[in-house]
Amino acid sequence: MARSLFYGYPPAMLDPRFDPAEAEPRIYQRWEAAGCFKPSMDTAAEPYCIVIPPPNVTGVLHMGHALNHTLQDVLIRFERMRGKNVLWQPGTDHAGIATQMVVERQLAEAGKGESRASLGREEFVKRVWAWKEQSGGQIVGQDKRLGISADWSRERFTMDDGLSAAVRKVFVELYNEGLIYRDKRLVNWDPKFETAISDLEVENIETPGRMWHFKYPLAPKENGEPETYTYVEKDEDGQIILEEERDYISIATTRPETMLGDGAVAVHPDDERYKPIVGKLCEIPVGPKESRRWIPIITDEYPDPDFGSGAVKITGAHDFNDYQVARRNNIPLYNLMDSKARMRSDGRAYAESARVAADLAKHPERSSDMDVSEVNLVPDAYRGLDREEARQKVIDDITAEGLAVMVTSDDGERVPLVEDKPIMQPFGDRSGVVIEPLLTDQWFVNAAELSKEARAAIEDGRTEFRPENWSKTYFNWLDNIEPWCISRQLCWGHRIPAWYDDKGQIFVAEDEESAQKLAGAGAVLQRDEDVLDTWFSSALWPFSTLGWPDETDEHLKTFYPGAVLVTAFDIIFFWVARMMMMGLKFGPKGEDGKPMVPFKHVYIHALVLDEKGQKMSKSKGNAMDPLDLVDEYGADALRFTMAAMAAMGRNIRLSKQRVEGYRNFSTKLWNAARFCQMNECQNWDGDLDPQSLSQPVNRWIVGALATAVTETTEALEAYRFNDAAGAAYKFVWNVFCDWYLELIKPLLNGGDEAAKAETRRTAAWTLDQVFKLLHPFMPFVTEELWDKLSEHGPARDGFLMLQPWPTFGDSAHDPAAKEEMEWVIDAISEIRSVRADLGVNAGAKVPMALVNADKTIAARLEAHREVIERMARLDSALIETEMPDGAISTVLGSSTLALRIADLIDVTEAKARLDKDLKSLDKELSGLAKKLANENFVAKAPAEVVEENRERLSAGKARLAKLKSAREGLDRLS
RNA sequence: GGGCGGUUAGCUCAGCUGGUAGAGCAUCUCGUUUACACCGAGAGGGUCAGCGGUUCGAACCCGUUACCGCCCACCA
């Protein structure tokens, strides 16, 4: 038509497609330049704050981030539009081990022979900083491509000066309260990175293992005669199945190399088999014969008599269970390995060490006042060997000596007893190597103490998990919490603010000067070499990023506590629990004078998995790069997918098809806007008063929009992102595009200028509300349309992202208009269905008659005749009192729709169609009748439910009658 | 060994407080009706894992069984 020329198009006419690659960076840049991401700091507005879970500074955006950040951005944009004073606090985490690894790898790849060791600590840390400045924080740029509206001007890094000061302050205060302490304990040691790690950083993985059985010979009696006892084995019924004289005790182990450090053999106190030898000594059957050690046979509740031989070797320095047993029984702890988990070469010579140990075995009471760390019980032949090598050598040596427990194999040969058996083996989550329990001096946080308040705050609802059941997981962990090992033998991180004098005394202070004061002027101090666990600083993130400890800081006062923490369940322990602990210890105080929780809600979202439900990982090669998806489909499509799939389940299986589908949705929106633009339905100035509308179709769409907005709003308030996205999607595509835009075409093309103007105004206004409604999910395309559609209308009042979120009063809903339009829609749908089912050519226009119509229905047809004819492809739509000849009819509410198509179709098909309808209706009615005949139902079900069923029954009966008469009409035709 | 969660259409999953089973994709049929083929119209497809119980009424609540996940845990 000439319309476009007339209105001055096409210059400003929208392209047929949205081009995300072109538009997204441009739009983002405009937002950022205009300061749209900063909080309004409007004192009248309710503050709303989310602190981002800081990605590792080494990180690149993966699907997990894409989901996590999208959900937060949806909330942030939503609340910002709702007029709150919104801060999204971004930043990155220094990620101790991960970052150190990256830089070390780079040094190695550079091939200049530089390494952490060769550079020395100071220089190495400099290099890490240089790396951080140059290539760290890539993820921020990638976030921007996603449309993330965090306040980048407030970006923080866990090792910024301010945050580092916060770390020192917290450390010192906890130390002074005795909640941080230094201790020599058995810790998880990562031999690759040569550092202690926390329990949480250990992954226990089932691996194939073996269990060997060895004989520990009993020590001879004082008179030199061999010690023996009668070993009796009974079955469940108490029948003796084995009885023999033994001069040894049989021990099962999966780690033979640790035998060198055994301090005792333990049996259960009730184990009758070993009663005769409890308190006696036995010999560790490895090492030079002349200096083998005797260790005591003790009783402890730990050994399970039904497992293995029932006797357990106790190696307190290399096994967490044994450690507990050793501590309970005052058994010395002999460290056998160095920081690379090789057999030790340091300390005293073997012979001397063995002598000390032998003495200790006889006089265990002496061990407590003796430092055994210099005692190295690794025989010369084993020194320097790797764990695995040492293990094999122990096995070989013992077997050669005939001290392995032998069994008869299937072939009748005597062979050493070795059981293949899956064992849970600890691996470092970052290094992937087997963790070695190692006895070292480390710093610990008394987590049990701090967890009390952290637990209480969830119990009493100061903070709530969404979904709620995660609190169980949280409680379960807190209830079994162990001291948190916070020291790491790394370079990169917050150096522990502790100094030692030459006597080894500890002085903890926020800086060296203060430490010196504590120590006295003459003391020569040396700073602790270790750094803190990265999660220690992460735990402070909710307040350290806001300016703590400066309690006068405007942001700290305004934005703490945060509204919600959005994260995946895999870091509830690592991070959520620890933020709770630290927040409730150091956070800004509430009205009751106690530190407040760091956030009111913890929303736990799913993990993103691939299509097959596997965790995405680079090594598996199944990782999808969110940026690739952004390139291909646009950020909006990816974002919408994330929101739509974020049901409160456990995981999300992402498929490209899904993203493609939402890209199509964005195109659909684009084209709807294009249609509106073509019809001069754009950007009508001012608000719209629903009461001023006269056209039912317009009154109806406003109500439908209001319903959709309410649904989306309520869903977002409840973190039901999928419902929120779903409600918006449905309205836009299935209501606005599929029906409203089609229904108004006659009005827009018609001659009633008033109706046309009203419709343009309504369509334009509704479209604007749609932009707002979709904006949190699809910020780019909506902002672009908002902007583009203003070019020929009145100037827009600023960015879409800063527009107020739509709200509606009751006046938005007009039940009569709703009923009327739904009737129109049903009529069109019903006619279309009949036509398609009976194979009427889609292009053919057919005559239709409405029979049995009452006044209201007749009026509806009159009012909407044009659009019904158009959309149902009718050449006429008449009101009749008699069923016309040659008509195929269908029932719509209280009336019958008769299509005069008998000559176009196969009547038997039409009969079959009606028969099918009759059958299913009949079934439904008999069900209803049966239900209503049930006295219990009528008596006990709520009145409204009973009433509803009655109505359904009577409506169904009426329909049945009409269907029957329609069916009879068909019979007359043939 | 403890804890959590899953089993609904061919596939991937929704289904909030129990009241006529839904979506997307896929499939089939039709369609060049001037916003959109990244589209439109229509259709087919489900004993809601099994069994038992509570209830007038169960995909939903309770019990139990069977598979399948995940987390935690010290069986040498």
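Annotation: of the two residues near RNA chain B, G308(A) and K931(A), the 5′-most nearest-nucleotide partner is K931(A). Residues N480(A) and C737(A) each lie close to RNA chain B; by heavy-atom proximity, the contact nearer the 5' end of the strand is made by C737(A).
Of the listed nucleotides (rA35(B), rU33(B), rG19(B)), rG19(B) has the atom at the smallest distance from the side chain of A941(A). Among rG19(B), rC56(B), rC4(B), the nucleotide with an atom closest to any side-chain atom of N934(A) is rC56(B). Checked against rC16(B), rA14(B), rA76(B), the side chain of R720(A) finds its nearest nucleotide in rC16(B). Distances were taken from every side-chain heavy atom of Q657(A) (C-beta onward) to each of rG24(B), rA26(B), rA73(B); the shortest belongs to rA26(B). The side chain of K916(A) has rG44(B) as its nearest neighbour among rU33(B), rG44(B), rA73(B). With rG44(B), rC74(B), rC75(B) as the candidates, the nucleotide lying closest to the side chain of N204(A) is rC74(B). Nearest nucleotide to the side chain of D319(A), out of rA14(B), rC4(B), rA76(B): rA76(B).
Pairing partner, rA66(B): rU7(B), with both Watson-Crick or wobble hydrogen-bond distances short of 3.5 Å. Pair check for rU17(B) finds none; no Watson-Crick or G-U wobble contact set falls under 3.5 Å. Across all strands shown, rG57(B) remains unpaired; no Watson-Crick or G-U wobble contact has both distances below 3.5 Å. Across all strands shown, nothing is found opposite rC36(B) as a Watson-Crick or G-U wobble partner with both distances under 3.5 Å. Pairing partner, rU27(B): rA43(B), with both Watson-Crick or wobble hydrogen-bond distances short of 3.5 Å.
Annotation: rU20(B) and rC11(B) have their P atoms spaced 27 Å apart (nearest Å). Going from the P atom of rA37(B) to that of rG5(B) covers 47 Å, rounded to whole Å. The P atoms of rC62(B) and rG19(B) are separated by 15 Å, rounded to the nearest whole Å. Taking atom C1' in both rA59(B) and rC13(B), the straight-line distance is 14 Å, to the nearest Å. The C1' atoms of rG40(B) and rU33(B) are separated by 9 Å, rounded to the nearest whole Å. Taking atom C1' on both nucleotides, rA21(B) is separated from rC48(B) by 8 Å, rounded to a whole Å. Taking the C1' atom of each, rG53(B) and rG15(B) are spaced 24 Å apart, rounded to whole Å. Distance noted for atom C1' between rC56(B) and rC61(B): 16 Å (whole Å).
Atom-to-atom, CE of M871(A) to P of rU33(B) comes out at 15 Å; the value is rounded to the nearest Å. Residue E711(A) contributes atom CD, which lies 15 Å from atom P of rG15(B) at whole-angstrom precision. K940(A) has its NZ atom 18 Å from the P atom of rG18(B), to the nearest Å. In this structure, R658(A) places its CZ atom 13 Å from C1' of rA26(B), rounding to the nearest Å. Remark: C1' of rC74(B) and CD1 of I423(A) are 13 Å apart, rounded to the nearest angstrom.
Considering only heavy atoms from C-beta on, K745(A) comes within 4.5 Å of F675(A) through its side chain. Proximity of F721(A) to M642(A): side-chain heavy atoms (C-beta onward) are nowhere separated by under 4.5 Å.
Side chains of S954(A) and E951(A): no donor on one and acceptor on the other come within 3.5 Å. Between the side chains of K421(A) and T254(A), no donor-acceptor pair of N or O atoms lies under 3.5 Å.
Across all non-hydrogen atoms, the minimal contact from E257(A) to L336(A) is O-CD1, 3.8 Å.
Side-chain N/O atoms of E419(A) and base N/O atoms of rA76(B) include no donor-acceptor pair closer than 3.5 Å.
In this structure a side-chain-to-backbone donor-acceptor pair under 3.5 Å is missing from R185(A) to L438(A).
Aromatic ring pairs are classed by plane angle as parallel below 30°, tilted from 30° to 60° and perpendicular above 60°; the pair F640(A) and F665(A) is tilted. Classified by interplanar angle (parallel below 30°, tilted 30° to 60°, perpendicular above 60°), the ring pair Y740(A)/F736(A) is parallel.
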Using a cut-off of under 3.5 Å, enumerate the N/O to N/O pairs linking the protein to nucleotides 37-42 of chain B.
from	atom 1	to	atom 2	distance (Å)
rC38(B)	O4'	N664(A)	OD1	3.1
rC38(B)	O2	R663(A)	NE	2.6
rC38(B)	O2	N664(A)	OD1	3.2
rC38(B)	O2	T667(A)	OG1	2.7
rC38(B)	N4	R17(A)	NH1	2.6
rC39(B)	OP1	N664(A)	ND2	3.1
rC39(B)	O3'	K668(A)	NZ	3.1
rG40(B)	OP1	K668(A)	NZ	3.0
rG40(B)	OP1	W733(A)	NE1	2.5

